Protein chains: 2
Amino acid sequence: MMKDAGAGGRDRPGLSRERVLRKALELADRDGIAALSIRSLAQELGTKPMTLYYYVANKDQILDGLVDLVFIEIATPEAGGEWKEQMRRRAHSAREALRRHPWAVGLLESRKAPGPATLKHHEATLGTLRAAGFTVQQTARAYSLLDSYIYGFALQEAALPIAGSEPMAEVAGPIMERFATGEYPHMVEIATQVVMQPGYDYGNEFAYGLELILDALEPAPADQEP
Amino acid sequence: MMKDAGAGGRDRPGLSRERVLRKALELADRDGIAALSIRSLAQELGTKPMTLYYYVANKDQILDGLVDLVFIEIATPEAGGEWKEQMRRRAHSAREALRRHPWAVGLLESRKAPGPATLKHHEATLGTLRAAGFTVQQTARAYSLLDSYIYGFALQEAALPIAGSEPMAEVAGPIMERFATGEYPHMVEIATQVVMQPGYDYGNEFAYGLELILDALEPAPADQEP
DNA sequence: AAGGGTATCGTACAGTGTACGGAGACGGAA
DNA sequence: TTCCGTCTCCGTACACTGTACGATACCCTT
């Protein structure tokens with residue numbers, strides 16, 4: 001059997017691995033990664049479950065593909081420009097991508113097969129650092145440090161129930177009741193004086209840590225201990 | 001029916017929520033978090049699946065409990081000592097705990113109900129920073145920065161297939177074949193000159209970034225822009 | 001006409017979390 | 001004693017998951 005254009009699904013000018021992954025991305029963003037099943041994905045594509053396995057070996061490959069799609073969205077640094085500015089751009093871009101797709105952070109832990117976009121992104125970043133005068137060792141360390149911060153921040157951001165409008169306030173509220181007993185004074189302090197302030201957005205704190213790290217990183221000599 | 005001591009399971013002097021969570025931790029460490037199912041957990045405890053639901057509302061609560069168990073393992077800083085030393089201890093302790101339980105990092109993203117140990121740990125850390133002279137704002141930022149780095153590093157460590165003995169080398173090898181074409185020169189450079197070196201252990205890089213961050217953090221004045 | 005590649009799908013199976021309700025053992029109250 | 005709750009444990013059943021296996025239909029080449 002072969003139902004090409006316009007048989008089952010409405011606008012389906014031929015399935016493809018690309019289309020499957022794109023729809024998976026859309027579904028993950030809309031309903032969360034937990035709701036992304038082969039069956040729901042197939043239905044959304046106007047197909048039957050087993051059809052997807054023609055384009056994808058298994059669900060793990062879909063998840064791998066999702067992570068790679070997210071990496072596509074991250075600005076690639078160039079070897080030419082000011083390295084700090086390049087790293088800044090990359091970091092902010094990465095954080096924004098991971099905030100658009102919070103589930104991607106949790107996925108990173110279990111992925112073992114980096115996709116082409118991921119590899120290209122890493123390669124470009126390493127290249128920028130090397131071109132700026134970092135030694136191989138320094139590059140590895142700087143990269144590890146920057147990426148750790150980016151991923152870690154994204155992880156914490158993802159762990160906060162974001163919902164739609166008010167980022168905080170309704171999150172801290174219910175928890176607060178539990179320990180109105182004064183058991184956690186410092187957390188209450190932070191919550192009331194920082195987090196629950198009207199215009200507060202945790203995402204803005206990202207720049208603080210990033211600049212602190214960038215200020216401390218320098219290519220040339222530095223670490224004498226190899 | 002009530003089978004108390006020594007009926008079905010061998011050494012089972014009465015089930016308890018604590019025992020359930022402990023066994024879940026053991027199973028997650030041994031077989032991975034994906035293999036932790038209600039059924040397998042029940043069997044390991046010498047019980048039947050539905051019995052667990054007397055001690056736990058649902059599987060999500062088990063996962064919450066697991067995360068809290070991990071936090072118990074992290075050294076709690078004290079408000080008295082040198083704050084940098086306290087934070088250093090805490091950071092290393094956290095990294096080690098997350099390396100012992102790599103699945104915990106991926107779990108963090110989806111947890112919304114922090115357990116008592118988690119809360120106590122956060123409270124103690126905040127208290128140490130405040131006692132060292134950090135303002136509320138500075139405390140929030142420093143905490144965010146340190147935790148982001150810790151979690152991010154742990155995430156990257158978890159993403160590397162650790163296996164048993166040799167941490168690297170067999171990881172980079174198979175991937176390397178794919179791009180022996182010279183498409184990713186900088187990654188090859190890093191891999192050959194750093195990662196695949198005999199005594200290399202990525203975990204040691206943790207201290208580098210941590211010290212860099214600790215050196216740049218200082219309580220008193222600093223940021224004039226509120 | 002025969003064969004092979006491309007694409008789609010039906011059926012079935014083992015496994016998952018858990019809702020629902022029942023059953024035995026215990027304590028105390030009547 | 002009888003009765004009633006509470007505690008602990010579990011059997012059954014249901015909807016859902018990923019996917020192995022094989023069938024089917026179409027097109028293109030030989």
Side-chain angles (χ1 to χ4, degrees), chain A residues 1-24 27-28 31-66 103 106-107 110-113, chain B residues 1-24 27-28 30-67 103 106-107 110-113:
Chain A
M1 197 207 312
M2 170 182 171
K3 48 162 75 172
D4 52 306
R10 43 192 82 259
D11 49 343
R12 181 155 61 91
L15 231 34
S16 71
R17 185 187 164 97
E18 173 79 10
R19 263 177 59 74
V20 169
L21 292 180
R22 282 286 168 205
K23 203 59 161 187
L27 258 184
D31 304 332
I33 194 73
L36 176 66
S37 71
I38 297 286
R39 283 171 171 85
S40 65
L41 181 54
Q43 179 159 8
E44 208 80 11
L45 285 164
T47 325
K48 299 303 156 66
M50 290 315 291
T51 300
L52 303 188
Y53 286 92
Y54 181 75
Y55 300 97
V56 159
N58 47 40
K59 189 178 179 181
D60 240 53
Q61 269 197 11
I62 295 184
L63 299 182
D64 285 342
L66 284 185
W103 41 264
L107 240 45
S110 52
R111 293 310 101 194
K112 315 206 165 281
Chain B
M1 197 206 313
M2 171 187 173
K3 48 163 77 173
D4 50 306
R10 42 192 83 259
D11 51 344
R12 180 155 62 91
L15 232 35
S16 72
R17 186 186 164 98
E18 173 78 11
R19 264 178 58 74
V20 169
L21 291 180
R22 282 287 168 204
K23 202 60 158 185
L27 259 183
R30 207 186 58 195
D31 305 332
I33 194 72
L36 176 67
S37 71
I38 297 288
R39 284 171 170 84
S40 66
L41 180 54
Q43 179 159 10
E44 207 79 11
L45 285 163
T47 325
K48 299 302 156 69
M50 289 314 291
T51 301
L52 304 187
Y53 285 92
Y54 181 73
Y55 299 98
V56 159
N58 47 43
K59 189 178 179 179
D60 240 53
Q61 269 197 11
I62 295 183
L63 300 183
D64 285 342
L66 284 185
V67 171
W103 41 263
L107 240 45
S110 52
R111 294 308 100 194
K112 313 205 166 288

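Just so you know, these numbers come straight off a predicted model, no measurement behind them. Residue numbers start from 1 in every chain, and the chains themselves are labelled A, B, ... in the order their sequence lines are given, proteins ahead of strands.
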Please check: side-chain N/O of [X] versus main-chain N/O of [Y], any donor-acceptor pairing under 3.5 Å?
X	Y	result
Thr51(A)	Ala42(A)	no
Thr47(B)	Leu52(B)	no
Asp60(B)	Leu63(B)	no

Pick the closest DNA chain D nucleotide for Tyr53(A) and for Ser16(B) by heavy atoms, then say which residue is nearer the 5' end. Ser16(B)
Is the phosphate of dT8(C), meaning OP1 or OP2, less than 4.0 Å from a side-chain N or O of Tyr55(A)? yes
Can you tell me how far [atom2] of [N] sits from [atom1] of [X], to the nearest Å?
X	N	atom1	atom2	answer
Leu41(B)	dT18(C)	CG	P	12 Å
Gln43(A)	dC9(C)	CD	P	13 Å
Met50(A)	dC13(C)	CE	P	15 Å
Asn58(A)	dT17(D)	CG	P	17 Å
Leu52(A)	dG10(C)	CG	P	13 Å
Ile38(B)	dA14(C)	CD1	P	22 Å
Asp60(B)	dT18(C)	CG	C1'	13 Å

Rounded distance [0.5 Å steps], CG in Leu45(B) versus CG in Leu15(B): 5.5 Å
Let's see if you can work this out: which of [options] has an atom nearest to the side-chain heavy atoms of [X]?
X	options	result
Tyr54(A)	dT19(D), dT16(C), dT6(C)	dT6(C)
Lys48(A)	dC9(C), dG17(C), dT19(D)	dC9(C)
Ser37(B)	dT19(D), dG17(C), dC9(C)	dG17(C)
Lys59(A)	dT18(C), dT8(C), dG18(D)	dG18(D)

Side chain to side chain contact (heavy atoms under 4.5 Å, CB included), that's the test. Do Tyr53(B) and Ile38(B) meet it? Break it down for me. CA-CA 9 Å; Tyr53(B) 285 92; Ile38(B) 297 288; 3.6 Å; yes
Looking at the base of dG15(C), is there any donor atom on it, or on the side chain of Arg39(B), that sits under 3.5 Å from an acceptor on the other one? no
